[in-house]
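To start, the structure itself, in structure tokens.
Counting convention: from 1, in listed order, for ligands and their atoms alike.
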Amino acid sequence: MQDAHSIRKYLPTLTGLVLAVLGATAVPLLAQTTNSEGANSVSNTPPAIPVLQIKANQVVAKVSPALYGLMTEEINFSYEGGLYGELVRNRTFKASRTNAVYWKTVGSAAISIDTNQPLNSALNVSLKLDTSKASKNSPAGIANGGYWGIPVRPNTTYHASFYAKGDNFSGSLTVSLVHVVSTNGQTIKSQGFEWYLGEMTTPVASATVPKISKDWQKYEVTLTTAGNVATSKDNRLVISTTQPGTWWSQHGTVWFQQVSLFPPTFNNRANGNRPDLMQMLANLHSKFLRFPGGNYLEGSTIAERFAWQKTIGDISQRPGHESPWGYWSTDGFGLMEYLEWCEDLQLEPLLAVYAGYSLRQQHIDPGTNLDSYVQDALDEIEYVTGNPSTKWGAQRAQDGHPAPFPLHYVEIGNEDQFDRSGSYDGRFTQFYDAIKAKYSNLQVIATTRVTSREPDLIDEHYYRSQEDMEAHALDYDQRPRTGPKIFVGEWATRVGSPTPNMAGALGDAAWMTGMERNSDLVVMSSYAPLFVNVSKLAGPDRSIQWRTDLIGYDALRGYGSPAYYAQTMFSTHHGDEILATDSQNIPTRDWQPPAGWRNGVGQPRPPVQPLRQIFFDATRDTGNGAIYLKVVNELGTPQPVKIEISGVPAVEPEGTAFVLKANRPDDANSIQEPTKIIPVTEKVDGLGTDFTREFPPYSITVLELKTK
Ligand code: AHR
């Protein structure tokens, strides 16, 4: 993956394509020694029914309690246009220096970006509205269509707010949610003439701000929809006036800043999150959240890194910044919002701190130049964990959260193997020493191999094809247990777009059996990316930057991919002990890995290799004795498998199966068919210490077996 990754960094727009071709640099299938499922058991022509043995009296290791987590960053409109509740796009008018992008005029209004009327030094521009052509019949104003629509539901209260000031204008302003019935307009013929009626809109909720001051002030209203309003995303927020100016001058001007609209949020948090997406995350029962990236932590340049101090406090004091994924971030979703997300879902924060390297090969050499960045990281940790008597703990309390957040893991940078200056070892050492000196309880994660210090964990990233995932699913069985523990901080089977299809889920499940079976070594893992807005999948201003993302949504609805459901099955149904397993007669198919690259040079295609088609692992819950057997059938045919369990007196005949399956590997969920592939729960009978079960084609099964 090293070569594939480095090329991807230089060709950000081709990431998907390049990875699909280069990601598959498989090595020959390795033996699974931990659980003694040897390479000898692999054969090209399965002579007999596959046999899986669970040795319930041989506990290999403990399952890491933090194995299943989440990774997140601002990509694919994950927060703004995604999880973050804000419905107004470009609310601070900083997405373009010159144009009021994503804003429209209403009536005969004129609008422009004004750099001479800043709200403050953070929000140092404003939107200037010329109201002089406003009239009763033709109000003048501004309109915003959100992130590919504004969701409106019946009996719902929205909170609108904005900063404004007027010149030759004191009000009033009408704030409305307007349903766009037709954008094309209509042409009708009447009395020999053709009349163009323009687009048709109808207001669904309104409120009035009676007076506008000549100095900047914040205005807030609530907009409540009636019970008969239809649920739709074809809506706009409109702020307009019928008054051209004051009685002494008809040439009014209004300046706006931070025009915001929030729907109800998860746990009713102010500046909070979209409830449906939070609920989908809650259903994953994850243990931690790695944030804020990913590339989003690093930024394209040092100036565009995630500078956490600029993302806290009142949202009107956050300047925002350009993200490496090609769009502006207001930073309304900042450090505190990540922490509150953790709190709401009982996730532990896994804090990645900026470590002096940005994507366009900008870096800061270790030494005194790096000191201020190290101090930033220490301050950030203090903001998260410090007592309110500390400087940054006090700041957090002032920002509304006196209680410290729990924190055990800090990651130094992201994918620093791409820093061609080779400065990471030195940079890591400087951060590691400073963090350990002040916070000896923290586990420090390195993003690539280092030699000067031994990190507590190493973060490994794998983006692979289905076959490549399968070919590598047994890798960790072979890894030495010396050295740092492993955090697989980003991984995904990249099949299907915008969200993975069943083939992706099957590759993921094969890979997860390997991580779970080895979770004494792989103590944490998180799929990436988590989110994608699927509203505009091609062309300029598209809503996707990275194909194959776990959860998709538009302004109104969200859905989980089959890979999402595979994750919920794995993270919800497992024990706390890893049991020894063995197998015979595992079916295989022939696969020739694509040619890879090394140091920019194309390599010959590796030979054909057998690719195993059934993957499994077994864990036990010491609380109730239940055994969880996970079986992944990659084949397109039903597969009978003989299961033998030793080391327990008996297994009850009745148990439960959680099954995810599809008719075809390219079957997928979507906004239109959100639940085409979802897990079903079945009561099963005929279980015991020796039984045969047929696993459906293209399926992932968790069998919950009760032992006596
Ligand atoms: O997950 C998408 C990107 O892949 C991450 O931002 C980066 O860490 C990796 O290269």
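Taking the side chain as every heavy atom from C-beta outward, Ile551 and Leu281 approach each other to under 4.5 Å.
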Atom pairs and distances, donor-acceptor, side-chain atoms in residues 405-413, under 3.5 Å, two or more places apart:
{"from": "His408", "atom 1": "ND1", "to": "Glu348", "atom 2": "OE1", "distance (Å)": "3.3"}
{"from": "His408", "atom 1": "ND1", "to": "Glu348", "atom 2": "OE2", "distance (Å)": "2.5"}
{"from": "Glu411", "atom 1": "OE1", "to": "Arg290", "atom 2": "NE", "distance (Å)": "3.0"}

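With respect to Thr72, the side-chain hydrogen bond (donor to acceptor under 3.5 Å, both in side chains) criterion is satisfied by exactly one of Trp341, Tyr79, Tyr338: Tyr79.
Taking only nitrogen or oxygen atoms, main chain and side chain alike, Glu490 reaches within less than 3.5 Å of ligand 1. Looking at Asn295 next to ligand 1, an N or O pair under 3.5 Å apart turns up. Any N or O atom pair closer than 3.5 Å counts here, and Glu73 shares at least one such pair with ligand 1. For ligand 1, the polar-atom distance check against Tyr463 finds a nitrogen or oxygen pair separated by under 3.5 Å.
Across every non-hydrogen atom of Val353 and Glu380, the tightest pair is CG1-OE1, 3.7 Å.
Neither the backbone nor the side chain of Tyr296 has any atom closer than 4.0 Å to an atom of ligand 1 (non-hydrogen atoms only).
At a 4.0 Å cut-off, at least one heavy atom of Pro529 sits close enough to ligand 1 to count as contact. Distances from ligand 1 to the non-hydrogen atoms of Trp325 include at least one value under 4.0 Å.
Near Asn414, meaning under 4.0 Å from any of its heavy atoms, are these atoms of ligand 1: 7 (C), 8 (O).
When the ring pair (Phe, Tyr, Trp, His ring centres under 6.0 Å) test is applied to His363, no partner is found at least two apart in sequence or on another chain.
In this structure, Glu382 contributes its side chain and Trp392 its backbone to a donor-acceptor pair below 3.5 Å.
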